[in-house]
Amino acid sequence: MSDILNQLNEAQQQAVTCSDGPVMVIAGAGSGKTRVLTYRIAYMLSRGVDPFNVLALTFTNKAAREMKERIISLVGSNDARNVWMGTFHSIFARILRVEGHFLGYPQNFTIYDTDDSKSVLKTIIKEQQLDPKVYTPGNVLSRISAAKSNLISAEDYNANSEIMDNDRVAGRPMIGEIFRHYRARCFKASAMDFDDLLFNTNVLLRDFPEVLFKYQQKFRYILVDEYQDTNHAQYLIVKKLAARHENICVVGDDAQSIYSFRGANIQNILNFRNDYPDVKTFKLEQNYRSTKVIVNAANSIIAKNKDQIFKQVWTENDEGNLIQVLKATTDVEEGILVANSVFQTKMNQQLPNSDFAILYRTNAQSRTIEEAFRKLNIPYRIYGGLSFYKRKEIKDLLAYFRLVVNTNDDEAFNRIINYPARGIGNTTLEKLELAAGENDKSLYEIARDVTGYVPGLAKNTATKIEEFATMIASFHIQLKKLSAYELGRKIATHSGLFKELAADQTEEGLSRLQNSEELLNALKDFSEKEETLFPGEEDEVVIENDETRSLDLFLQEISLMTDADSDDEDGNNKVTLMTIHAAKGLEFPYVYIVGVEENLFPSIMSLQSRADIEEERRLFYVAVTRAEKRVTLSYAESRYRWGNLTMNEPSRFLEEIDDSFIEQTTRRVQVKPSSGMPVMQKAPVFIKKNMKKLEDAGTGDAPSYETPVEMIQQGVEVEHERFGKGKVLSVEGAGPNIKATVFFAAVGQKQLLLKFAKLRIVG
DNA sequence: TAGTTCGAAATTTTT
DNA sequence: TTTCGAACTA
Ligand SMILES: Nc1ncnc2c1ncn2[C@@H]1O[C@H](COP(=O)(O)OP(=O)(O)OP(=O)(O)O)[C@@H](O)[C@H]1O
C-alpha cells in the first residue's frame, strides 16, 4: 500500500487517502488529476473496499480500460475488473438495459446515433410539411439535444413560454411540435438517442425510489474524471446516486472545459461546494508532464481569459525547446512542412512515430496532413472523422442486425427494406408509414401482415414485402440460438447484401465488400472472446444465455464505442492525427497544432461572443498542454474551403503567446526548407499544382488543363479511380466542358467531364 | 420503380 | 471537393 503512495507527491497523497466524504480536486493540466483518481481507487481497494461498490466515470471507454489496467497492476489483483468504470453513456445504457422496463423500454432497445436521429427528424419535418430550409435536421436536433441535456422534456419544452418565444423569434416556432413527434417515434421504435440515455436515467432515478435506492447502495463510492465537462443531466445523476453515502470524488480543471456546445456547464464544478458544504478541496500545482517552456506558455495563454479560477502551475522539468512556429503559404504546404518536421525530428533523435501527435480544430483539416504523411511513408492513424462504423456498407449491414435484434427499429427498416433493391419504392413505403401510424404498429409489424393492413397494394409488391418480413422473423428467432458471428454471416448472405456487393466489380465496390467482411471478422472475434468491459452480477440477469455471445450483445457493445476506444491491429507505432477535443486527457512528447489561423482557430462561429472565444482559448490551452517536450504551431496563409481558396491571418492566439517562449528563427528556416529533406522532389510539384488552382480561381476562364487531358483521345486505355480500367470511345465538347465517353470493364459505358474525372492513361 | 444527372449546399467541436 | 435531393428518363 505504501508502494502506492510512494508514487505520489504530498498533495496527491492527501487527496488519495482522505477517505470518506466529498472530495474535489481542481488543478491545472498535467498535474496528476487522473493519477489521483486512479490511485484513489487502488488505495480504496487495497483497504478492503468491494470493487462492486465503486463507480468511476471517465471521459472515454479507452481511458476506463487503461485506468483499470493500472489499478490491477497497482493492487496486484484482478478484483479491480469488477469496478464499474466507463463513460456516463455506456454505464447508464447498461443500467437502462436492466431497468428500462420501468419506463416502458425493452431490454434490447436500440441506441440511435446522430445520423439516425437526423433521419428521424427529416421524416418528421417532411411529414409535418415544414420548410426543410428553415428546419434543418441538424439545427432541430441541437435544440432538442440541448433541451434534453437540461432535463427538459418535450412537454416541458412546449409548456415553457420562454423557450417557445425564443423559437418563434428565431422563426422556428414548430420545434416544440417536432420534439414531441421525435420523442414519440423514438419511443415507438424502442430507441434512445445519446441524450435519452442520460435523460431517461434521470427519470428512472427520479420516479422509481426503489431503483434509486438499489443503485445508491451499490455505488457507495463514486468518482468522476473531467468533471468540468459534465452537463446538467450528468450532474444530477451523480448527485442523486451520491446522496446516500456522499462518498463522491470529482476531479477537473475549469480551464479545460471545452464541451459547452453539448451542454457542459462549468458551474457544476464551481458550485460543487454548494451541494457538499463539507467538501475537502485539493489543489495540485506541480506539473509532471511538460517542460518549463510549455507550462509557462500555457499559463500565459489561459491568463487571457476572464472567467477562470486562478491556479499556480509550475514544474521541475527541464526548460525544454522553445515553441516552434511554421508558416506556410497553403494548407498543402503546411502539411508538407509538418510531415517534414516530424520526419526530421524522428530521424535525428531516433524516436518512434507514436511520440508525435498532430492536433487540429476541425476534422476536415486532417486531409492535407494525411496526404503529406502518406507521401513520406510515415505511418499515421486518424481518430474521429469517418469511422469504420459510419461507412455506408457497414451501416447497411448493421441496419439488418438492428432490425433483427429490435424489430421496432423503424429507422433500420427504412434503410434496408429496399436494399438490395426489392422493387419497393417510395410510394409503397409511404403507404406502410401511414398504416403504421394509424394502427400504432411498427413498420415491421405492418410488413408481416401487409395485405391485412394495406389492402390496395399490388400483389407482387405485397409478396415482396412479406417475404422480407418473414426473412427478418426467421433471423429474429435464431437470435439467441446462434452466435453473433453465425447469425451475422447468415444475414449477410441470405439478405442478398453480399451478392449485391460482390456484383459491383469497381475498386470502390471491392473495398466495400472487404469492409463488410471486416465487420464479420469483428463479429467472429466478439463471438469468441469472453470478457466485456462491464462486470456482471448475480442480482442482475441481463444475459439470459451466457453461453452465446449473441448479436444483440454485439450491437450494445459497439453502439457507444468511438474509434478512440479501439486499438489498431497493425501496430501502434503511428503518428496520431486527431482533433483537439479528442486529445483531451492524452499526452504526447511532440505535439503539432496546425491551422492556427483566425476564423479557423478561433473558429469563425465563436467570434461573436466573449464566452465562445474564451472556450476556444481553453481549447488552445488544452492543445498546448498535451505536449511533454515540444510544441510546434503552424498556420497557412491560404487554404481551400469547400473548393474555394480563402485567405487567412495568423490566429490571435499566436500573438498572445509571449515572444520569449517562441523560437524566433523558425520562420526563416522553413521558408527555405533545408536540403536533405526527404520530400524536396515532391514538394515543388505540390506547390505548382496548387498555384495552378490559384490561377483558375483568379481568372475563371482561360482553361488550363494538365497535359494528360489532351492525351485522352478516342481509343486510349484509361483508368478511373472509381470505375477502374476502360477504353475511351469518343471525346466531344470544347473548352472547360470536354466530355469523354468511356467504356469501363466493370461498370459499362460512362460519360465523364474531364475537368473532374481523374483519368489516368494506362500503358 | 430505378437509375442517372444536374445543381445546390455544406464544416466546428462528440457521446 | 463531396454529398444530397429534385427532376428527368427508361
Ligand atoms: N507524483 C507524480 N510522479 C511522477 N509522475 C507523475 C506524478 N503525478 C503525475 N504524474 C505524471 O504526469 C502526467 C500527467 O498526469 P495526469 O494525466 O494524471 O494529469 P491530469 O491532471 O489528469 O492532466 P490533464 O488535466 O491534462 O488531463 C502523467 O504522465 C502522470 O504519470
Side-chain angles (χ1 to χ4, degrees), chain A residues 57-61 86-93 111-115 117-119 122 126 132-133 136-139 141-142 145 148-149 192-198 226 229-231 233-234 257-264 359-368 383-387 390 392 418-429 458 460-461 464 559-565 578-584 595 599-607 612 615-616 618-619 622-623 639-646 693 722 739 747-753 755-756 758:
Chain A
L57 297 160
T58 58
F59 209 72
T60 63
N61 288 312
T87 61
F88 273 90
H89 293 268
S90 52
I91 293 279
F92 296 109
I111 297 174
Y112 276 179
D113 68 12
T114 310
D115 288 343
S117 300
K118 284 187 182 161
S119 162
K122 205 184 279 174
K126 200 182 251 171
K133 294 224 170 66
T136 61
N139 225 311
L141 183 61
S142 71
S145 168
K148 284 198 286 205
S149 300
M192 299 193 201
D193 67 16
F194 291 135
D195 304 305
D196 288 332
L197 294 173
L198 304 176
E226 308 280 9
D229 273 326
T230 49
N231 63 29
Q234 293 169 322
S257 169
I258 55 175
Y259 278 95
S260 71
F261 70 90
R262 75 175 199 212
L359 307 181
Y360 33 81
R361 179 64 180 79
T362 66
N363 282 308
Q365 289 167 257
S366 68
R367 246 190 55 197
T368 49
Y383 291 79
L386 271 182
S387 77
K390 288 224 172 109
K392 262 192 235 84
N418 200 31
Y419 185 77
R422 297 186 176 86
I424 301 160
N426 276 336
T427 18
T428 313
L429 208 67
N460 194 23
T461 319
K464 287 270 166 52
S559 57
L560 291 172
M561 225 166 63
T562 59
D563 58 352
D565 293 330
M578 55 169 54
T579 63
I580 300 165
H581 282 92
K584 185 163 85 147
N599 295 339
L600 180 59
F601 192 18
S603 157
I604 193 160
M605 310 297 286
S606 73
L607 300 180
D612 285 351
E615 177 145 325
E616 296 283 308
R618 290 195 293 271
L619 196 54
V622 169
R639 94 174 40 244
Y640 275 92
R641 226 182 177 195
W642 319 308
N644 281 325
L645 191 71
T646 55
K693 280 187 192 160
R722 239 178 349 137
K739 270 191 258 176
V747 293
Q749 192 166 318
K750 292 270 173 196
Q751 277 220 329
L752 302 166
L753 256 186
K755 188 160 51 165
F756 297 119
K758 288 181 193 144

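Letters A, B, ... mirror the listed sequences (proteins, then strands); counts begin at 1.
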Counting any heavy atom closer than 4.0 Å, what does [X] reach on the DNA or RNA strands: base, sugar-phosphate only, or nothing?
| X | result |
| --- | --- |
| A/Asn418 | sugar-phosphate |
| A/Phe88 | nothing |
| A/Arg641 | nothing |
| A/Asp113 | nothing |
| A/Thr114 | base |

Test A/Ser149 against A/Arg262 for side-chain contact (heavy atoms from CB on, under 4.5 Å), laying out the working first.
CA-CA 8 Å; A/Ser149 300; A/Arg262 75 175 199 212; over 6 Å; no
For DNA chain C, whose closest nucleotide is more 5', that of A/Lys392 or that of A/Arg367?
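By nearest-heavy-atom nucleotide position, the 5'-most residue is A/Arg367.
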Just how far, in rounded Å, is [atom2] of [N] from [atom1] of [X]?
| X | N | atom1 | atom2 | value |
| --- | --- | --- | --- | --- |
| A/Lys584 | B/dT15 | NZ | P | 11 Å |
| A/Asp115 | B/dT15 | CG | P | 13 Å |
| A/Asn599 | B/dT12 | CG | P | 12 Å |
| A/Leu560 | B/dT14 | CG | P | 16 Å |
| A/Ile604 | B/dT11 | CD1 | P | 15 Å |
| A/Leu198 | B/dT15 | CG | C1' | 8 Å |
| A/Met578 | B/dT14 | CE | P | 10 Å |
| A/Lys122 | C/dT3 | NZ | C1' | 10 Å |

Might you work through the side-chain hydrogen bond (donor to acceptor under 3.5 Å, both in side chains) test for A/Ser90 and A/Thr87, ending with a clear yes or no?
CA-CA 5 Å; A/Ser90 52; A/Thr87 61; 2.8 Å; yes
Using the six-membered ring wherever Trp is involved, compare the ring planes of A/His581 and A/Tyr259 and label them parallel, tilted or perpendicular (cut-offs 30° and 60°).
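Answer is perpendicular, since the angle exceeds 60°.
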Within less than 4.0 Å of OP1 or OP2 of C/dG5, is there a side-chain N or O belonging to A/Lys126?
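No, A/Lys126 has no side-chain N/O under 4.0 Å of OP1/OP2 on C/dG5.
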Hey, does the side chain of A/Asn363 come within less than 4.0 Å of B/dT13's phosphate (OP1/OP2), counting only N and O?
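Checking B/dT13 against A/Asn363, a side-chain N or O does come within under 4.0 Å of OP1 or OP2.
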What's the closest nucleotide to the A/Lys133 side chain, out of B/dT12, B/dT15, B/dA9?
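Ranking B/dT12, B/dT15, B/dA9 by closest atom to the A/Lys133 side chain puts B/dA9 first.
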Side chain of A/Arg361: nearest nucleotide among B/dT14, B/dT15, B/dT13?
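Minimum distance to the A/Arg361 side chain belongs to B/dT13.
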Aromatic stack A/Phe261/B/dT13: centroid gap under 5.5 Å, interplanar angle under 30°:
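Per 5.5 Å and 30° rule: yes, stacked.
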I want to confirm an ordering. Mapping A/Asn426 and A/Leu619 to their closest nucleotides on DNA chain B, which one lands closer to the 5' end?
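Looking at DNA chain B, the more 5' nearest nucleotide goes with A/Asn426.
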Between A/Ala421 and A/Met605, who's closer to the 5' end of DNA chain B by nearest nucleotide?
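Residue closer to the 5' terminus by nearest nucleotide: A/Ala421.
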Would you indicate whether the side-chain heavy atoms of [Y] and [X] approach each other to under 4.5 Å?
| X | Y | result |
| --- | --- | --- |
| A/Ser257 | A/Arg618 | yes |
| A/Leu57 | A/Phe88 | yes |
| A/Leu359 | A/Met578 | yes |

Pairwise P distance for C/dC4 and B/dT13, with rounding to whole Å
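Pairwise P distance, C/dC4 against B/dT13, rounds to 16 Å.
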